[in-house]
Amino acid sequence: MRRSGALAATALSALLVLAACGDDDGGDDTASGDEPSAEAGDFPEGSTMAELAEAGEITVGTKFDQPLFGLVGPDGTPVGFDVEIAKIIASELGISEDNINWVETVSANREPFIQDGQVDIVVATYTINDERKQLVDFAGPYFNAGQTIMVLESNTDINGPDDLAGRRVCSVEGSTPAENIRTNYPEAELFPTGAYSDCLEPLRNGQVDAVTTDNVILSGFVDQNPGEFKLVGETFTEEPYGIGLELGDTEFRNWINDVLEASFEDGRWEQAWEDTAGTVLDTPEPPEVDRY
């Protein structure tokens, strides 16, 4: 993988790339099925885009245990909405999905993996917030989620966050939902884990009373385990999912934002949703990209 400190955005180059790639109808049924056509020469010399295109591969951090967004399939390759978003970005760089190196990235190591150069981008149910913007840059958002609560199907005592006082609540260390419980619901007892899938057995055996994270993540677990779990109450936060990249690489961030906006317009984003999370959830409107 390569890492870049490039800082200046080149709008003309981005427009040329989108004109070359964004109108390809393709013949595939999947959102990322278009044959990559970009080359290193299509991008500014020395840019992250040019170096990735020249290398012909990209390393992407994503979740391996998140149904609907990033879950390792039977062949060992992750599948889900985050995965399809990463494929769209790779395709615009001229990189086929076979040349994407997938690295399992949990909530606690997303920033270190970007900072240490272990990945080129992170697409991993990654909420954009001001604290994280001090450590990494974000393109997007490409989806807006919201925190909610999952309990056993038989539970009638918990109906929202105000019912968590005195309860043990499982969430992932390093995540915004866990920090939200610590900060705003201090009477709840947080039970931190390394991955959301690690919360399922404690919920089953009564070690915890509830699991909390983003609604789309929990919806995947409910769908995977029919009759066991349910979601309660309304969402009580806003969680805009972004694509993490090296801090200060404004040129790359702007380019990814251009690609995202093109995918919103040409149907690739919608197709990616409907092929993955859309098998369980309604199709939302794409969010407005934040070009901070």
Side-chain angles (χ1 to χ4, degrees), residues 60-73 78-83 85-86 102-113 122-129 132 142-153 155 158 160-161 164 167-185 188-242 244 276-277 279-281:
V60 178
T62 196
K63 300 286 183 69
F64 280 13
D65 69 337
Q66 305 285 267
L68 307 182
F69 273 70
L71 182 69
V72 169
V79 295
F81 185 58
D82 283 347
V83 173
I85 293 296
W102 303 103
V103 173
E104 183 175 16
T105 308
V106 300
S107 296
N109 64 21
R110 289 177 293 201
E111 290 90 20
F113 276 17
V122 167
V123 193
T125 60
Y126 198 2
T127 297
I128 302 169
N129 62 38
R132 288 171 175 167
Y142 61 91
F143 180 76
N144 284 326
Q147 186 173 352
T148 191
I149 297 166
M150 183 175 77
V151 297
L152 291 175
E153 178 68 35
N155 187 299
I158 298 174
L164 297 178
R167 312 279 187 174
R168 299 198 83 192
V169 183
C170 189
S171 197
V172 165
E173 193 63 69
S175 69
T176 51
E179 189 56 36
N180 185 38
I181 294 299
R182 279 197 182 99
T183 302
N184 297 312
Y185 301 94
E189 183 182 351
L190 185 65
F191 183 89
T193 62
Y196 290 113
S197 55
D198 295 336
C199 291
L200 301 186
E201 196 56 36
L203 183 58
R204 289 186 179 105
N205 64 29
Q207 192 176 1
V208 301
D209 301 294
V211 179
T212 186
T213 185
D214 302 341
N215 55 337
V216 290
I217 295 173
L218 295 179
S219 293
F221 290 130
V222 171
D223 180 66
Q224 272 201 332
N225 302 276
E228 285 196 83
F229 310 128
K230 66 180 179 182
L231 304 188
V232 293
E234 303 293 329
T235 58
F236 52 98
T237 66
E238 293 184 2
E239 307 293 336
Y241 288 172
T276 56
T279 60
V280 173
L281 303 167

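By the side-chain contact (heavy atoms from CB on, under 4.5 Å) test, Asn180 is found to be paired with Gln147, Asn184, Tyr185, Phe236, Thr237, residues two or more places apart in sequence or in another chain being considered.
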Let me see the working for Lys63 and Phe69 under side-chain contact (heavy atoms from CB on, under 4.5 Å), right down to the final yes or no. CA-CA 8 Å; Lys63 300 286 183 69; Phe69 273 70; over 6 Å; no
Show the numbers, then the answer: is there a side-chain contact (heavy atoms from CB on, under 4.5 Å) between Cys199 and Phe221? CA-CA 10 Å; Cys199 291; Phe221 290 130; over 6 Å; no
Please lay out, stage by stage, how Leu68 and Thr276 fare under the test side-chain contact (heavy atoms from CB on, under 4.5 Å). CA-CA 6 Å; Leu68 307 182; Thr276 56; 5.9 Å; no
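In this structure, Glu238 places its CD atom where only 12 or fewer heavy-atom neighbours from other residues, nucleotides or ligands lie under 6.0 Å away.
For the pair Val169 and Ala188, the tightest heavy-atom approach, listed with the atom from each and the gap, is CG2-CB, 4.1 Å. Asp198 approaches Gly194 most closely through the heavy-atom pair OD2-N, 3.9 Å. A pairwise comparison of heavy atoms in Val83 and Gly70 identifies CG2-CA, 4.4 Å as the closest pair. Scanning all heavy atoms of the two residues, the minimum distance from Leu231 to Asn215 falls at CD1-O, 4.1 Å. Leu190 and Pro192 make their closest contact through O-CD, 3.3 Å (heavy atoms, listed as atom of the first residue, atom of the second, distance). For Gly160 against Ile149, the heavy-atom pair with the smallest separation is C-CD1, 3.4 Å.
When side chains are defined from C-beta on, Phe229 counts as touching Leu152, because their heavy atoms get closer than 4.5 Å. Proximity of Leu200 to Met150: side-chain heavy atoms (C-beta onward) are separated by under 4.5 Å at one or more points. Contact check for Val172 versus Thr213: no side-chain heavy atoms found under the 4.5 Å cut-off. Val216 has its side chain within reach of Tyr241: a pair of non-hydrogen atoms, C-beta onward, lies under 4.5 Å apart. By the 4.5 Å heavy-atom criterion applied to side chains, Thr127 and Arg132 are counted as neighbours. The shortest side-chain heavy-atom distance between Pro78 and Glu104 does not fall under the 4.5 Å cut-off. A 4.5 Å side-chain heavy-atom check between Thr193 and Cys170 finds at least one atom pair inside the cut-off. Between Gln66 and Leu71 the shortest side-chain heavy-atom distance does not fall below 4.5 Å.
The OG1 atom of Thr176 sits 10.5 Å away from the CD1 atom of Ile181 when rounded to the nearest 0.5 Å. Between atom CZ of residue Phe191 and atom CG of residue Asp209 there is a gap of 11.0 Å, rounded to the nearest 0.5 Å. For the atom pair CH2 (Trp102) and CZ (Phe64), the distance works out to 8.5 Å, reported to the nearest 0.5 Å. Separation of atoms CG (Leu164) and CD (Glu189) is listed at 12.0 Å; rounding is to 0.5 Å.
Distance alone, capped at 3.5 Å, places no donor-acceptor pair between the Arg110 side chain and the Gly244 backbone. Remark: side-chain polar atoms of Asp82 are paired, donor with acceptor, to backbone N or O of Thr125 under 3.5 angstrom. Here the side chain of Ser171 pairs a donor or acceptor atom with the backbone of Thr212 at under 3.5 angstrom.
Within the structure, the salt bridge (Lys or Arg N to Asp or Glu O under 4.0 Å) test picks out the following pairs touching residues 210-234 (sequence neighbours left out): Arg204-Glu228.
Defined by atom type and a distance below 3.5 Å, a donor-acceptor pair is missing between the side-chain atoms of Thr105 and Tyr126.
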